[in-house]
Amino acid sequence: MFVTGGLKSLLPHVLRRIIRCNRLSISNTSGMAEGYKQANVVILHKSLADDFEKFCHANAGPLPLLYRSKPGDWKCPSLSSDSDIRTDCLQYRVYEHGACTGTLKSLKEYSEQLKDMVTFYLGCSFSFEKAVQNAGIPVRNVEQKRNVSMYKTAVPCYSISTFCCNLVVTMRPIPESKLEAAVLATSKLQEAHGAPIHMGDPGLLGIQDLSKPDYGDPVHLHPGDIPVFWACGVTGVEAVINCRAPLAFTHSPGCMFITDLKNDNVTVRSSREVPQVHCISQDPLHYSIVSAEAAQKIKNLETLIGIDPGDRGIIHLHRQDELLKACLSISHARSVLITTGFPTHFTYEPPEENDGPPGALAIAAILQALEKEVAIVTDQRAMNLNKKIIEEAVQLGILKRPVPLLSYQKESADSALMFLCENGNPGRPRFDHLVAIERAGMAADGNYYNARKVNIKHLVDPIDELFLAAQTIPGVATTGVGDGGNELGMGKVKDAVKKHIKNGDVIACDVEADFTIVAGVSNWGGYAIACALYILSTCEIHDRYLRKAVGFPQISKKMGWLSALPSVTKEENLLKTLVRHGVRSGKTASLEMEVDGLPFYDTHSVMIEKLL
């Protein structure tokens, strides 16, 4: 019998011959034939083959198709020179009507049935382990001499006919400092599942306990390791189980077919292909991926909106990459709650200013286009005004449909939790992300102040409480957009507000948001969020990560997203609507920018050079 020592350096055809003779005392092929591609195996009746191939193409992340045989063909000439699929895997599983009825070392006894069956060879993550090691990243399952951990998730694959199942993933612990290197090492190896589909808390995939994998062995994390998940070809096994074919075969998870194909030495050529990793949440721990090109565009936008037309010192409030991280977080959200409204004109009716609502509607419009749930919460006294503005925004084509309009009042100690979560249960939040844009924020003394230190608390409902409550709900993030430091969410920069903003020692908002976006005019921040969400949605690297490498790219929806972005005409018509309803200007500056040739403005007429 052969043991594991030296197997990693043997050529594939030698290993297949050893496996064929049943002379190995190992349980999986991880680390064997380093640098060569390994394959998952699914064998189905020929009547199911076309649909399964479509299923693979529809879920290319977990099921990258390397080769499809003809019925009864036990060889795969494009993958290996002398193979026999009946004997060249360490172990096979037999499935009858969806139930595993046994494991075998050889399928030769089924040779007659195999004459009417088709073999699918699917890429495997064992193929990228050498590339990961070459990048200086430890592969813990190889170190621990264990099969890789595999888990069923709650992520549904794209269904084709009788083939439907949830995604299966592998998990490899990666040191936090090596996350970006791991993504870069695997991102171009599409035939080995490509880049990770999730980094961070396994619960976000529906995985409850890492110590209990559904397939393979538990692999221990070292201190400082982050669980990183790749799409897995065992998804094909789950599809076989669910289709309940009378007879089917697969490899046993971890017991791969070893091909003669070397992994390609792929060179990433442009910033569009270079991935970046950003942490967007600590509770639960969650990282996201974006291309360097898309990230730079968003950073450029952050710089542009940071221009200070009133020379008020807002440059001192700026925090780098907050726009990028906020929009990455929003991009992952299912449901977003927006709030706006700053009654700075306290002696008029209505007291609102026109900085805030246009930016809020710009965010709502792109969220609708991205098929996310969105609602707006505002002061009870301003409900009728905002209802009319929203109705006219729909008529003007700014919004696809009316946005639900809510109000919040504190009636008990748990009012905020009841508002944000179903039955007040933090495990069932109604919203994943809260956004405040030019919303009056509570100061340290419990009051609300405009820039001139006038207390306007009597005009402001306690929506700050929702942001405070969100800090206690895992998975709910918050963003604050402001231009003076007295807006909701600016508590994150309150020390800078007190030091550098006129009257800051009094007016500074004390309530923090997870992400603070500082703009010369708050509406610019709203437009920037809309623009950044469009950039992220058209980023292939981010799109794949969002959909967990299942289904099809969403880029075909690009024109719908473009049409949802702010435009000159929309801006002018909305401002006229606000004026018609008595809303006054609170700012005198303005901004023009372009996104893919589509310009968008703030309130008046100052031109800024093209953004992208």
Side-chain angles (χ1 to χ4, degrees), residues 330 333-345 349-411 415-422 429-441 448 456 459-467 469-470 476 478-481 487-489 522-523 525-526 529-530 564 566 570 573-584:
I330 295 170
R334 170 190 51 84
S335 179
V336 180
L337 179 68
I338 302 171
T339 185
T340 189
F342 206 121
T344 192
H345 302 293
E349 180 58 37
E352 270 70 29
E353 64 167 296
N354 64 7
D355 189 21
L361 293 182
I363 298 169
I366 193 67
L367 291 174
Q368 286 185 339
L370 294 172
E371 301 176 9
K372 298 182 185 295
E373 296 177 18
V374 57
I376 293 176
V377 60
T378 190
D379 300 296
Q380 180 63 45
R381 61 166 181 77
M383 287 287 283
N384 288 336
L385 170 65
N386 281 280
K387 182 180 178 182
K388 293 174 183 177
I389 292 171
I390 289 171
E391 288 174 350
E392 294 194 33
V394 174
Q395 295 170 7
L396 293 169
I398 295 170
L399 297 173
K400 280 186 175 182
R401 56 189 174 277
V403 177
L405 191 60
L406 311 173
S407 66
Y408 169 76
Q409 299 293 326
K410 182 175 183 178
E411 298 174 352
S415 288
L417 202 60
M418 293 295 293
F419 184 95
L420 292 175
C421 304
E422 294 182 23
R430 294 188 175 95
F431 309 99
D432 308 303
H433 204 111
L434 278 57
V435 179
I437 174 169
E438 191 64 19
R439 170 72 193 177
Y448 297 79
I456 53 175
L459 296 171
V460 182
D461 288 348
I463 291 173
D464 304 66
E465 293 181 3
L466 302 180
F467 281 66
V476 178
T478 57
T479 293
V481 182
E487 301 89 359
L488 177 54
S522 292
N523 277 340
I529 290 173
K570 289 178 185 178
N573 288 337
L574 182 56
L575 287 171
K576 290 176 183 176
T577 296
L578 293 174
V579 170
R580 189 162 57 251
H581 290 291
V583 178
R584 294 163 179 81

State plainly whether the residues [X] and [Y] are in salt-bridge range, i.e. N to O under 4.0 Å.
{"X": "Arg334", "Y": "Glu373", "answer": "yes"}
{"X": "Lys410", "Y": "Asp464", "answer": "no"}
{"X": "Lys400", "Y": "Glu371", "answer": "no"}

[X] [atom1] to [Y] [atom2] distance, which is reported to the nearest 0.5 Å:
{"X": "Glu392", "Y": "Leu399", "atom1": "CD", "atom2": "CG", "result": "12.0 Å"}
{"X": "Leu385", "Y": "Leu405", "atom1": "CG", "atom2": "CG", "result": "9.5 Å"}
{"X": "Gln368", "Y": "Ile366", "atom1": "CD", "atom2": "CD1", "result": "10.0 Å"}
{"X": "Ile463", "Y": "Arg439", "atom1": "CD1", "atom2": "CZ", "result": "3.5 Å"}
{"X": "Gln395", "Y": "Thr577", "atom1": "CD", "atom2": "OG1", "result": "8.5 Å"}
{"X": "Leu417", "Y": "Glu465", "atom1": "CG", "atom2": "CD", "result": "12.0 Å"}

For the residue pair [X] and [Y], establish whether any side-chain heavy-atom pair is separated by less than 4.5 Å.
{"X": "Ile363", "Y": "Val336", "answer": "no"}
{"X": "Leu420", "Y": "Val476", "answer": "no"}
{"X": "Thr344", "Y": "Ile456", "answer": "no"}
{"X": "Leu337", "Y": "Phe419", "answer": "yes"}
{"X": "Thr378", "Y": "Met383", "answer": "yes"}
{"X": "Glu391", "Y": "Lys387", "answer": "yes"}

Checking the side chain of [X] only, and the main-chain atoms of [Y] only, is there a donor and an acceptor separated by less than 3.5 Å?
{"X": "Thr339", "Y": "Val377", "value": "yes"}
{"X": "Arg584", "Y": "Gly582", "value": "yes"}
{"X": "Thr479", "Y": "Val435", "value": "no"}
{"X": "Arg430", "Y": "Met418", "value": "yes"}

Should we say atom NZ of Lys372 is surrounded by more than 12 heavy atoms from elsewhere, each under 6.0 Å from it? yes
What's the verdict on side chain to side chain contact (heavy atoms under 4.5 Å, CB included) for Leu361 and Ile376, showing C-alpha distance, side-chain angles and the deciding distance? CA-CA 9 Å; Leu361 293 182; Ile376 293 176; 4.2 Å; yes
Where do [X] and [Y] come nearest, in terms of heavy atoms and distance?
{"X": "Pro358", "Y": "Leu574", "result": "CA-CD2, 3.6 Å"}
{"X": "Gly356", "Y": "Asn523", "result": "N-OD1, 2.8 Å"}
{"X": "Thr478", "Y": "Ala470", "result": "CG2-CB, 3.7 Å"}
{"X": "Gly526", "Y": "Ala362", "result": "O-CB, 4.4 Å"}
{"X": "Ala416", "Y": "Tyr408", "result": "N-OH, 3.3 Å"}
{"X": "Ala333", "Y": "His433", "result": "CB-CB, 4.1 Å"}

Apply the test side chain to side chain contact (heavy atoms under 4.5 Å, CB included) to residues Lys570 and Leu396: give CA-CA distance (whole Å), side-chain angles for both, the deciding distance (0.1 Å), then the verdict. CA-CA 7 Å; Lys570 289 178 185 178; Leu396 293 169; over 6 Å; no
Not counting sequence neighbours, which residues clear salt bridge (charged side-chain N to carboxylate O under 4.0 Å, His left out) with Lys576? List them please. none
So if I apply the side-chain contact (heavy atoms from CB on, under 4.5 Å) rule between Tyr448 and each of Leu488, Leu459, Val460, which one comes out positive? Val460
With respect to Ile338, which candidate in Leu367, Ile529, Val403 satisfies the side-chain contact (heavy atoms from CB on, under 4.5 Å) definition? Leu367
Check against side chain to side chain contact (heavy atoms under 4.5 Å, CB included), Phe342 and Asp355: CA-CA 8 Å; Phe342 206 121; Asp355 189 21; over 6 Å; no
If we count only N and O atoms by modelled type, under 3.5 Å, do the side chains of Asp461 and Gln409 hold a donor and an acceptor together? yes
I would like to know whether Asn354 and His581 meet side chain to side chain contact (heavy atoms under 4.5 Å, CB included); could you show each step before the answer? CA-CA 11 Å; Asn354 64 7; His581 290 291; over 6 Å; no
